[in-house]
Amino acid sequence: MKKVLALFIACMLLLSAGAAFAADKIVVRVAHTIAPDSHYQAGLEHLGKLLDEATNGQIELQIFHSSQLGSERDAIEGVSMGTLEMTLISSAPLANFTNAFLVFDLPFIIQDRQKAYAWMDGPEGQKILDSVLDKGMVALGIWENGFRMLTNSKKPVLVPEDLNGLKIRLMENPIHVGTFKTLGAYPVPMPFGELFTALQQKTVDGQENPLIIISTSKFAEVQKHLSLTGHFYAPAILLINKDFWEKTLSDEQRKSFTEAELKARRWQREFCIDIEKKLVDSLKEQGMEVSQPDKAKFFEAVQPVYKEFEEKVGKEAIQKLIDAQK
Ligand code: EAX
């Protein structure tokens, strides 16, 4: 009888220890829209590892890739309302929530990636990040999506005129749409999750994304031509729900999180730069025809876009980002 009782008590102790452990563990669900072998996934896995180490397993990152939890707009809304803890998204769809990120959407505004990183990580970048605080979110940092390149199923694109009448899928962003209108294309805004099918069924002729996304999303299967335009630079923003950040995490956990985020951000940018070097060859091997467009002609053709959006973006904001790269 004594033995049974001792065993029973031992079991109860174990159970309650387990429950306490489970209650202490904080799960952070993070959603993104791209492939499990993408730069977003790699960076988030790295962040997960750093968080696990720094908090002795108290914080667990659960990553949902490939739009499993919806589009980028859905994810922003989810993080804003607290139905999702975190997301990593292009800054472009934030245009539906704040104007502060629009400066990044101007064509060819980012020319020097290293100088731009420093600017984004400094006080000017912080001002932009702070613009989501009143939307119930904290923007933890600016990661990388990358320089966007154009693909299509119809013809090589070397000069802006080649885009005439081509239906190009874009992110939901007024400057991106305005830019492609100015270039003579027919812009079709659509969430990323619908893009592969749209390309396959030829609802659109082309799309634009960084090489890593073109590669990991297997667009070579449905797009013949790749033009190395680099017309937009897309930063990726790591957003977390504000209540979760301020109330669920302890001061100490928040500190660990901030440190881990900074390390993961730097790691993720280097990962992107490294992998980018191999991608043109790899996409050729996947059957794409790669062309080097006349960038000066594109640059000239999009100048009216700066005029069109100058007021909305803010003249000063534009000038500051340009000057920061001199
Ligand atoms: O943020 O929608 C897009 O084209 C983005 O590049 C992608 O979702 C990653």
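If you read the sequence from its start, that first residue is 1, and numbering goes on from there. Counting starts at 1 for both ligands and their atoms, in listed order.
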_Atom indices of ligand 1, in the order listed, that fall short of 4.0 Å to a heavy atom of Ile213_ = 6 (O), 9 (C)
*Kindly confirm or rule out a cation-pi arrangement of Arg29 over Phe64, judged by NZ or CZ under 6.0 Å from the six-membered ring centre and within 45° of its axis?*
no
_Atom indices of ligand 1, in the order listed, that fall short of 4.0 Å to a heavy atom of Tyr40_ = 1 (O), 9 (C)
*Do you know which of Arg169, Lys154, Lys167 makes salt bridge (Lys or Arg N to Asp or Glu O under 4.0 Å) with Asp205?*
Lys154
*Answer yes if the ring centres of Phe192 and His32 are under 6.0 angstrom apart, and no otherwise.*
no
*Are there more than 12 heavy atoms of other residues, nucleotides or ligands under 6.0 Å from atom CZ of Arg266?*
no
_Protein contact to atom 8 (O) of ligand 1 [nearest heavy atom, distance to 0.1 Å]_ = Thr33 OG1, 2.8 Å
*Any atoms of ligand 1 less than 4.0 Å from a non-hydrogen atom of Phe192? List them with their elements.*
2 (O), 3 (C), 4 (O), 8 (O)
*asked:* If we set the cut-off at 4.0 Å for heavy atoms, which region of Asn145 has an atom near ligand 1: side chain, backbone, both, or neither?
replied: side chain
_Within the structure provided, determine whether Phe299 and His231 are in side-chain contact (heavy-atom separation under 4.5 Å)._
no
*Going by the order shown, which atoms of ligand 1 are within less than 4.0 Å of some heavy atom of Ser90?*
1 (O), 5 (C), 6 (O), 9 (C)
*What pair of heavy atoms forms the shortest contact from Val103 to Ala317, and how long is it?*
CG2-O, 3.8 Å
*Looking at Leu249 and Arg254, what are the two nearest heavy atoms and their distance?*
O-NH1, 3.1 Å
*asked:* Contact between ligand 1 and Arg169 is defined here as a heavy atom of the residue under 4.0 Å from a ligand atom; is it met?
replied: yes
*For atom 1 (O) of ligand 1, what's the nearest protein heavy atom and its distance?*
Glu72 OE2, 2.6 Å
*Using heavy-atom distances, let me know which of Asn209, Asn173, Leu170 sits nearest atom 6 (O) of ligand 1.*
Asn209
*Of all the heavy atoms in Arg148, does at least one lie under 4.0 Å from an atom in ligand 1?*
yes
